Amino acid sequence: MTSTLDSLAEARRAAASPLFADLAGDIGVSFEFFPPKTEKMEAQLWETFHTLEPLAPRFVSVTYGAGGSTRERTHATVARIAKESPVPPAAHLTCVEASREEIDAVARAYWDAGVRHIVALRGDVPGGEPYRAHPDGYANAAELVAGLKAIAPFDISVAAYPETHPDSDCPQADLDNLKRKFDAGATRAITQFFFSPDAFLRFRDAAAAAGIDAPILPGILPVSNVSQTRRMADMCGTSIPAWMVSIFDGLDDHPAARQLVAATIAAELCRRLYAGGVRDFHFYTLNRAELSYAICHMLGLRPTAPAKEKAA
Ligand SMILES: Cc1cc2nc3c(=O)[nH]c(=O)nc-3n(C[C@H](O)[C@H](O)[C@H](O)COP(=O)(O)OP(=O)(O)OC[C@H]3O[C@@H](n4cnc5c(N)ncnc54)[C@H](O)[C@@H]3O)c2cc1C
């Protein structure tokens, strides 16, 4: 629950925020995609990629399905980006249901394909069961980071949780865990999605106080479908504010209006983060370009080169 002091602090921060017109465009962005399942989804992914590519993202990342279910598709997508684009790709990799040997082999294949950036994650057991490590596997993300570093000098991102991971006993234990991941060799963290700018800024400050000086990128999920988001939020411990639910009330049959509302909400979140000193943003694109593109545009980001021909 938000205290009166928190609300006052947030109100003061919002009042001091720059207007959109004042944003300098001095931000860095990265985009997350999931590996496509069908030819149609594949065409959509590349169309999205080519729309966002001129925004010169620092990197783009490709997720790894639960239990390694997308191993080949993730690899194929990441390898194609590495081959065809100057944008550095990052491959997500999880510990779930795989031995160290299997995971190490996947990592080596990435290195051999020229991929230098891994997003190292523990993952979740498919079906929502409590997590249990593979008997010959990495127990958690910190162990995976150390294992990857022993293979090659990868650039490694890890996950962070402004509202605390559901498996964690308390925020301090979660921060200690994040610290272990940095001590093992991670270079940046990307957060789970969240909707309260203060939750992120408090977390960032707590991480700094715990001696973490590596970048922590806020994970921005532009939401246009609250019920779908609620399912994801319940699983990862993100709270959905009541105002957000009510703002989408009555828009079920108005998809275009929903998109406009979604862009406004996410841009406002980013504007407040910018006011709090944040300059790097990671977007969960869900393989759609419009919302992320619109938000980046409102933050002052402009294409550095003409958009490429859309993928066939
Ligand atoms: C940016 C981002 C990208 C993601 N991408 C994917 C993806 O591609 N595929 C996928 O399946 N999932 C993905 N996830 C989800 C992620 O796999 C889950 O959130 C998972 O439950 C935790 O992963 P982790 O790497 O944070 O785990 P860990 O950092 O290992 O920690 C998980 C929890 O266990 C606790 N813990 C870990 N080790 C210890 C220990 N030694 N002692 C006590 N407690 C411990 C931690 O405190 C934490 O609460 C992503 C999440 C984020 C934020």
Side-chain angles (χ1 to χ4, degrees), residues 29-36 59-71 73-75 77-78 89-98 103 106-107 110 117-134 137-148 156-194 199-200 203 206-207 210 212 214-221 231-238 280-287:
V29 296
S30 48
F31 299 113
E32 185 170 307
F33 305 113
F34 61 84
F59 65 91
V60 294
S61 76
V62 182
T63 61
Y64 201 65
S69 53
T70 65
R71 184 184 296 190
R73 278 186 280 133
T74 299
H75 190 281
T77 308
V78 170
H92 292 218
L93 187 56
T94 70
C95 311
V96 180
E97 294 188 350
I103 292 171
V106 174
Y110 278 126
H117 184 172
I118 302 273
V119 182
L121 303 142
R122 186 196 74 178
D124 293 308
V125 177
E129 303 276 311
Y131 182 77
R132 48 177 195 284
H134 184 284
Y138 291 108
N140 51 45
E143 277 196 9
L144 174 60
V145 173
L148 292 171
I156 300 179
S157 297
V158 290
Y161 303 88
E163 297 177 84
T164 309
H165 189 280
D167 290 356
S168 200
D169 293 338
C170 62
Q172 187 55 50
D174 217 21
L175 264 186
D176 293 344
N177 181 58
L178 181 59
K179 181 89 168 47
R180 279 195 291 274
K181 296 194 270 194
F182 282 119
D183 291 345
T187 35
R188 80 183 62 65
I190 304 169
T191 77
Q192 190 53 274
F193 67 89
F194 59 90
F200 175 84
F203 175 74
I212 293 170
I216 300 181
L217 277 50
I220 307 296
L221 177 67
R231 276 196 298 278
M232 297 197 291
D234 284 348
M235 282 192 305
C236 65
T238 295
D280 291 298
F281 299 84
H282 182 79
F283 289 91
Y284 293 109
T285 68
L286 304 180
N287 291 9

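Start at 1 and go down the list; that is how both ligands and their atoms are numbered. Sequential numbering from 1 along the given sequence is applied to the chain's residues. Nothing here was measured: the structure is a model prediction, and the numbers come from that model.
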Which ligand 1 atoms does [X] reach within 4.0 Å, using its non-hydrogen atoms?
X	result
Thr63	8 (O)
Asp174	46 (C), 47 (O), 48 (C), 49 (O)
Ile190	1 (C), 53 (C)

Minimum-distance protein heavy atom relative to [atom]:
atom	answer
atom 16 (C) of ligand 1	Tyr161 OH, 3.8 Å
atom 2 (C) of ligand 1	Tyr284 OH, 3.8 Å
atom 7 (C) of ligand 1	Tyr64 O, 3.5 Å
atom 29 (O) of ligand 1	Lys181 NZ, 2.6 Å
atom 36 (N) of ligand 1	Asn177 OD1, 3.9 Å
atom 30 (O) of ligand 1	Ala141 N, 2.9 Å
atom 3 (C) of ligand 1	His92 CE1, 3.6 Å
atom 50 (C) of ligand 1	Leu121 CD2, 3.6 Å

Compute the minimum heavy-atom distance from [X] to ligand 1 and say whether it is under 4.0 Å.
X	result
Tyr138	no
Arg180	yes
Gly219	no
Phe193	no

Consider every N or O of [X] and every N or O of ligand 1, then say whether any pair is closer than 3.5 Å.
X	value
Asp124	yes
Asp167	no
Glu32	no
Ala159	no
His165	yes

Out of curiosity, [X] [atom1] to [Y] [atom2], how far, rounded to the nearest 0.5 Å?
X	Y	atom1	atom2	result
Cys236	Asp234	SG	CG	8.5 Å
Ile103	Glu97	CD1	CD	11.0 Å
Asn177	Thr164	CG	OG1	11.5 Å
Asp183	Ile212	CG	CD1	8.5 Å
Ile156	Arg188	CD1	CZ	10.0 Å
Leu221	Thr285	CG	OG1	10.0 Å

| message | Which label fits Phe194 and Phe200: parallel for a plane angle under 30°, tilted from 30 to 60°, or perpendicular past 60°? | response |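 Because their plane-to-plane angle is under 30°, the rings of Phe194 and Phe200 count as parallel.
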Which part of [X] is near ligand 1, with near meaning a heavy atom under 4.0 Å away: side chain, backbone, both or neither?
X	answer
Tyr131	neither
Thr94	side chain
Arg122	both
His282	neither
Phe34	neither

**Asked** With respect to atom 38 (N) of ligand 1, which of Val62, Val119, Asn140, Thr74 exhibits the smallest heavy-atom separation?
**Response**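 It is Asn140 whose heavy atom sits nearest to atom 38 (N) of ligand 1.
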- prompt: Just going by heavy-atom distances, which of Pro166, Ser157, Ser168 is nearest to atom 49 (O) of ligand 1?
  reply: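 Among Pro166, Ser157, Ser168, the closest heavy atom to atom 49 (O) of ligand 1 belongs to Ser168.
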(Q) Pairing donors with acceptors under 3.5 angstrom, does anything connect the side chains of His282 and Ser30? (A)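 There is such a pair (donor and acceptor under 3.5 Å, judged by atom type) between the side chains of His282 and Ser30.
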Got Ile190 and Tyr284 here, is their nearest side-chain heavy-atom distance under 4.5 Å?
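Answer yes - side chains close enough.
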Quick one: does Ile216's side chain get under 4.5 Å of Pro162's, heavy atoms only?
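Result no, sub-4.5 Å side-chain heavy-atom pair not found.
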**Request:** For side chain to side chain contact (heavy atoms under 4.5 Å, CB included), just list the numbers for Val145 and Tyr138, CA-CA rounded to whole Å, side-chain angles, deciding distance to a tenth of an Å, and then say yes or no.
**Result:** CA-CA 9 Å; Val145 173; Tyr138 291 108; over 6 Å; no
Side chain to side chain contact (heavy atoms under 4.5 Å, CB included) between Thr74 and Val106, worked out: CA-CA 11 Å; Thr74 299; Val106 174; over 6 Å; no
For Arg180 and Asp176, run side chain to side chain contact (heavy atoms under 4.5 Å, CB included): C-alpha distance rounded to whole Å, both residues' side-chain angles, the deciding distance at 0.1 Å, then the answer.
-> CA-CA 6 Å; Arg180 279 195 291 274; Asp176 293 344; 4.3 Å; yes
**Item:** Audit row: Leu144, Leu121, side chain to side chain contact (heavy atoms under 4.5 Å, CB included) steps and yes/no
**Value:** CA-CA 8 Å; Leu144 174 60; Leu121 303 142; 5.7 Å; no
*With Ser157, which of His117, Lys181, His92 fulfils side chain to side chain donor-acceptor pair (under 3.5 Å)?*
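Exactly one option meets the side chain to side chain donor-acceptor pair (under 3.5 Å) with Ser157, and it is His117.
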Quiz prompt | SB check Arg122 Asp167 (cutoff 4.0 Å) | solution =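 Yes, this pair counts.
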